[in-house]
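Let me begin by presenting the structure, written as structure tokens, before commenting on it.
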Amino acid sequence: MDIRRIPLWASRNATIMSNDSIRAVIEDQGEIAIELSAANVQGGRVNAVSIPYFRGIGSGVLSDENTDWYKSKQRTYTAGGIYFTFPSSSEEHILSTTTCWMLRRYGSESRYGGVWRVSEMKSREMGNRYRLTKLDLMLPSHPVLYTYIRITNTDEIPLEYNVSVHAMLQSPFLESGCLISSSPAEFSAYPPNLREVAFNRLRSGVKFNDLKHAPGLRGQSADLSYIPGPTGTYDYVMGRLKGDDEIGWTTVINPRQQLLWCSFFPSPSSRLPDDVIRFPHVDLAFNYLGRMDSPWALYEGGTPQVFSLTAGFGMMNHHGAFDGLLTDIIPGGESRSVVYANAFTSFDNPRIGGGFYSVERAEHGLVFKRTKSYAYLQCDHSFRTLLDVADDILSDQA
């Protein structure tokens, strides 16, 4: 187990956390995890998440001489990695992803033998006053980065919020032939946002229950579970979780490198304490060299430069297509909690490279089964360990 600080670009710094299975690098700017890496079966260390070619290295987009190329958006300037968005996605306000966080403490703990870091940010904006306290945890032998976030409304008036977590995946992990699975019972595709320049391959507004059979624009069926070569398309899909599952999850398997990335989080059926936020939806953005607007292309309408998959979860009820709140309220002076995990590991049995048929919760992990073959992910899918550590470390900051 190891944890230490490193300098990055300009005045930006980060924290490295690692155990014998996985390594994470979390940047202070926006609290974005720009590395989640593990060794593949060939022995090479691979980063699952993306650091796109255009990611800025200065202090911020407004001080960069190419600010117009980035559309003056901090979220494009620091794009990539794993990021937590609160209280909305509008850059007209102070957001968790567009602010430099302060690292408060880091170290090891004796109860479970893990390493941890605690960071914090505050918004004093009128009508948008809140404090975020974030704990990242890594446990021995778990190929998992666990995250706990305490959200406190520091104002006297209620705070309306929308919360989501995303991971942008790219090569060398993401490549043609990779397989995608996700737990929702139902999906629907949506057209590009007005700011995006892209072509779709999916028909929007039509619900479907299997990623293997998504409705195409011309009446054909598209297999979204299989990552093709460059199609020159960009599609956005949202899904609603099943009613009885305690956790939601999304996985990507690279069969050639025998690597599995998995994100899991509490669903609306979770039995965690009431103050823990549940997530009813997932979303997937399939960018197969399909974005032709800058900075995804070198110029507006130019040749796309990025081949990526962005997978997320949160409160994402576009156009009222699915049940579930798009926003919620935190009363003045009260707090809520967010827990989630991102795992990245290799698997020994090459048959799992053909995909799995079920995910089962074992006592100390998740089992991905394919008939008589399986891959095992050692993890605490109940989040009890994470909550225990957060209670121990953050109790003096309550």
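Positions are given from 1 along the sequence.
For H93, the side chain to side chain contact (heavy atoms under 4.5 Å, CB included) criterion is met by S90, E125, N128, not counting sequence neighbours.
A salt bridge does not link K242 to D244: none of the charged side-chain nitrogens sits closer than 4.0 Å to a carboxylate oxygen.
Annotation: the span from S294 atom OG to Y299 atom OH amounts to 11.5 Å, rounded to 0.5 Å.
Contact record, D223 with R201: O-NH2, 4.3 Å, taken as the closest heavy-atom pair. Pairing each heavy atom of G113 with each of P140, the nearest pair is O-CG, 3.3 Å. Across L179 and G355, no two heavy atoms sit closer than the pair CD1-N, 3.5 Å.
With contacts defined as side-chain heavy-atom distances shorter than 4.5 Å, the pair L224/L284 does not qualify.
For an aromatic pair to be called close, the ring centres must be under 6.0 Å apart, and F173 with F344 satisfies this. The aromatic ring centroids of F264 and F279 lie 6.0 Å or more from each other. For Y340 and F265, the ring centers are positioned 6.0 Å apart or more. In summary, the aromatic rings of Y161 and F86 are positioned with their centroids under 6.0 Å apart.
Considering K134, R131, R150 as possible partners of E120, the one that fulfils the salt bridge (Lys or Arg N to Asp or Glu O under 4.0 Å) test is R131.
Y357 and T371 share no side-chain donor-acceptor pair at under 3.5 Å.
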> Hey, mind stepping through V389 and L135 against side chain to side chain contact (heavy atoms under 4.5 Å, CB included) and telling me if it holds?
Replying inline: CA-CA 9 Å; V389 173; L135 171 89; 4.2 Å; yes
> Would D392 and R111 satisfy salt bridge (Lys or Arg N to Asp or Glu O under 4.0 Å), going step by step from the backbone distance to the final call?
Replying inline: CA-CA 10 Å; D392 290 343; R111 187 174 180 183; 2.9 Å; yes
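Screening residues 364-380 for salt bridge (Lys or Arg N to Asp or Glu O under 4.0 Å) gives E360-K369 as the qualifying pairs, with residues at least two apart or on separate chains.
In terms of hydrophobic clustering, with Ile, Leu, Val, Met, Phe, Trp and Tyr side chains grouped at heavy-atom distances under 4.5 Å, M17 and V46 are assigned to a common cluster.
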